Amino acid sequence: MTHRTVAIGGNWKMNLSRREAVELARAVAASLSDLEAPVQVTLYPPFPYLIPVGEALAGSPVRLGAQDLHPAASGAYTGEVSAAMLRDIGVVSVLTGHSERRHDIGETPEFVGRKTHAALSAGLETVLCVGELLEEREVGRTEEIVIAQLDAGLSGVTADLASRLIIAYEPVWAIGTGRTARPGDAQAVHAAIRSWVREQMGDRVAASLRIEYGGSVKPATAPGLASEPDIDGFLVGGASLSADDFHEIIRAAVAARSPVSP
Ligand code: 13P
């Protein structure tokens, strides 16, 4: 049994209307009341809905997260949002390095590193996403790619800053495809990530760091993945748009970490 608290994120991506976002946030907050074990649940709505969703979550244990940020503190960066602005409106967590930003928007590994460092330094919990493409997995390069993303993404991140870090392993071929990684395959990458963290940042950070799995997580696939020792939670896309599915995934993750009665 690990002492790490299960962490579950709902990445809503570019979906929902303002009304739907507020309703979904309320439904997620209400659904958590029947969970006994500790769990950390964070919602990542689109930027325009951060404030109304934050208001809907007020007084509930569900946390407010943002999908992106700019590394600079302020200045002439049209269209961008800083860590301080996010904190100012109650955001406590932010995603960096999501594959949709690496591959569709063209963010480089170095830029992801600047964002991650800026977010951690500003006091935000930061979920650095890493993961390989299908063609990279097929030629056996998964670990090499993930380690290179960690090297660039966490450049300059000390053990102290890493106390606010979460890493999400999201194989690109599993995102939005309905194709989930097999639990053993995901566990192997999570274990490699944890050993890299141990080498770079020491035993204490490696033991406490949460590593989430993301990529077509559904109520049916969550229990198998969550029972792996280095899978500490999930970053959920499509299924987080349904309060019922998201709740089932949370329950499965919590149940996998709870002591089994004799
Ligand atoms: P899906 O769960 O829709 O595959 O998305 C995963 C993801 O990208 C979460 O950040």
Side-chain angles (χ1 to χ4, degrees), residues 6-16 20-21 24-25 28 40-47 49-50 53 62-69 91-107 112 115-116 119 124-134 136-137 142 145-146 149-150 153 165-183 185-186 189-190 193 210-226 228 231-253:
V6 171
I8 314 274
N11 176 8
W12 292 354
K13 307 191 179 183
M14 197 173 73
N15 290 298
L16 307 172
E20 289 165 342
L24 181 56
V28 170
Q40 192 186 57
V41 177
T42 312
L43 298 179
Y44 299 87
F47 278 139
Y49 307 147
L50 281 170
V53 166
V62 182
R63 306 155 79 239
L64 185 65
Q67 297 175 17
D68 189 28
L69 84 164
V91 167
V92 297
S93 179
V94 68
L95 308 181
T96 59
H98 195 281
S99 69
E100 285 149 18
R101 299 204 61 86
R102 291 180 191 267
H103 299 292
D104 302 348
I105 313 285
E107 287 189 8
V112 171
K115 288 184 178 204
T116 307
L124 285 167
E125 174 187 278
T126 307
V127 184
L128 170 65
C129 306
V130 296
E132 81 288 1
L133 299 166
L134 184 57
E136 293 164 340
R137 170 161 286 267
T142 298
I145 296 293
V146 166
Q149 289 172 344
L150 294 176
L165 176 70
I166 290 180
I167 294 173
Y169 170 54
E170 300 209 306
V172 181
W173 47 269
I175 296 178
T177 57
R179 219 183 130 182
T180 315
R182 283 194 299 259
D185 290 343
V189 182
H190 282 232
I193 292 172
R210 271 85 56 85
I211 308 176
E212 298 175 344
Y213 169 82
S216 296
V217 177
K218 304 281 180 250
T221 52
L225 287 157
E228 295 292 342
I231 299 184
D232 306 310
F234 299 118
L235 187 53
V236 187
S240 73
L241 298 172
S242 150
D244 289 345
D245 284 358
F246 192 52
H247 184 233
E248 267 196 65
I249 291 169
I250 295 168
R251 285 182 69 96

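Counting starts at 1 for both ligands and their atoms, in listed order. Keep in mind that what you see is a predicted model, and the values were worked out from it rather than measured. Values below: every heavy atom of this structure, side chains too, minus hydrogens, waters and symmetry copies.
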Between Q149 and Y169, do the side chains contain an N or O donor and an N or O acceptor separated by less than 3.5 Å? no
Going by atom types alone, do Q40 and R210 pair a side-chain donor with an acceptor below 3.5 Å? yes
Using a 4.0 angstrom limit on heavy atoms, which residues are close to ligand 1? N11, K13, H98, E170, A174, I175, G176, G215, S216, L235, G237, G238
Report the residues that fulfil side chain to side chain donor-acceptor pair (under 3.5 Å) with E170, sequence neighbours left out, ordered by chain and then residue number. H98
Once ring-ring contact (aromatic ring centres under 6.0 Å, His included) is applied, do any residues pair with H247, and if so which ones, sequence neighbours excluded? none
How would you list, by chain and number, every residue that makes a side-chain contact (heavy atoms from CB on, under 4.5 Å) with A174, sequence neighbours excluded? P171, Y213
Any ion pair linking E107 and R101 (charged N to carboxylate O, less than 4.0 Å)? yes
